[in-house]
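Report on the structure given below.
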Amino acid sequence: TAETGSPYRVVLLGANGVGKTAFASIFAGAADNEMCEKVIEVDGESAAVTLLDTWDTEVKEEHIRLDRCMHTGDAYLLLYSITDRASFLRASELRIILRHFRPAQHTPIILVGNKCDLVRRREVSVSEGRACAAVFDCKFIETSAAMQHNVWEAFHGIVRQLRLRRDSK
Ligand code: GDP
């Protein structure tokens, strides 16, 4: 394959219940574990990706875990649920924490509004999500892990951004 070397480490970040586990199982396919490495095909080129699923929590001991994720990721999928405004606000906080850990680096981030199948329970509009991503200077996508809608697009999108960054080095 064209890409050699260590796999891209993509971290799933977001409040509890937004769909990180659901994303990880779609990525993993049959093998459903917390840390999964896979070679995926994006734009006709193979990419090795390690997906790290982390739960976000304010509990102190788990801050260590969050800290580690902030340091080890090459790229981040920052998830919220469109049915949960608190998770949208949490995504903003996490973006600020990320920026603090990586002030100068152009770490690829995609803001992901998940559960877009739950139209009648929507609390965060598409335009709010898009506007937030513009402020964060990152890409935006709405997904439904339940319907398997746009989930692979999110994974492919993050690989494309990682390649752009790699190629500009
Ligand atoms: P996590 O805490 O971020 O890992 O969230 P989970 O992946 O465990 O998801 C929390 C709940 O939301 C579970 O009951 C999932 O089945 C459900 N869920 C996850 N993604 C979606 C989605 O896109 N649509 C719907 N309707 N439910 C979802």
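Just so you know, ligand 1 is whichever comes first in the structure, and atom 1 is the first atom listed for that ligand.
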Backbone or side chain, does any N or O of Ala22 fall under 3.5 Å from an N or O of ligand 1?
yes
Distance-only polar pair, side chains of Thr143 and Asn114, donor-acceptor under 3.5 Å
yes
Can you tell me if Gly14 contacts ligand 1 (heavy atom of the residue under 4.0 Å from the ligand)?
no
Does Val18 approach ligand 1 within less than 4.0 angstrom via side chain, backbone, both or neither, non-hydrogen atoms only?
both
Per atom 28 (C) of ligand 1, closest listed option by heavy atom (Gln148, Lys20, Lys115)
Lys115
The one among Leu12, Asn114, Asn150, Thr143 that brings a heavy atom closest to atom 20 (N) of ligand 1:
Asn114
With a 4.5 Å heavy-atom cut-off, do Val126 and Phe140 have their side chains touching?
yes
Sub-4.0 Å atoms of ligand 1 with respect to non-hydrogen atoms of Asn16:
2 (O)
Qualifying side chain to side chain donor-acceptor pair (under 3.5 Å) pairs with a residue from residues 147-160, counting only residues at least two apart or across chains:
Asp43-Arg160
One residue to check: Thr21. Relative to ligand 1, which of side chain, backbone, both or neither has a non-hydrogen atom less than 4.0 Å away?
both
Any Arg163 side-chain heavy atom under 4.5 Å of Val42 side chain:
yes
Should you measure from each heavy atom of Ala145, which atoms of ligand 1 turn up under 4.0 Å away?
20 (N), 22 (C), 23 (O)
When only distance counts, is Cys116 in polar contact with ligand 1, meaning an N/O pair under 3.5 Å?
no
Single hit among Val11, Thr107, Leu98 for side chain to side chain contact (heavy atoms under 4.5 Å, CB included) with Met70:
Leu98
Of Leu164, Ile158, Val159, which is the lone residue that meets side chain to side chain contact (heavy atoms under 4.5 Å, CB included) with Pro108?
Ile158
With Glu142 as reference, evaluate Lys115, Arg122, Arg130 under the salt bridge (Lys or Arg N to Asp or Glu O under 4.0 Å) test and give the passing residue.
Arg122
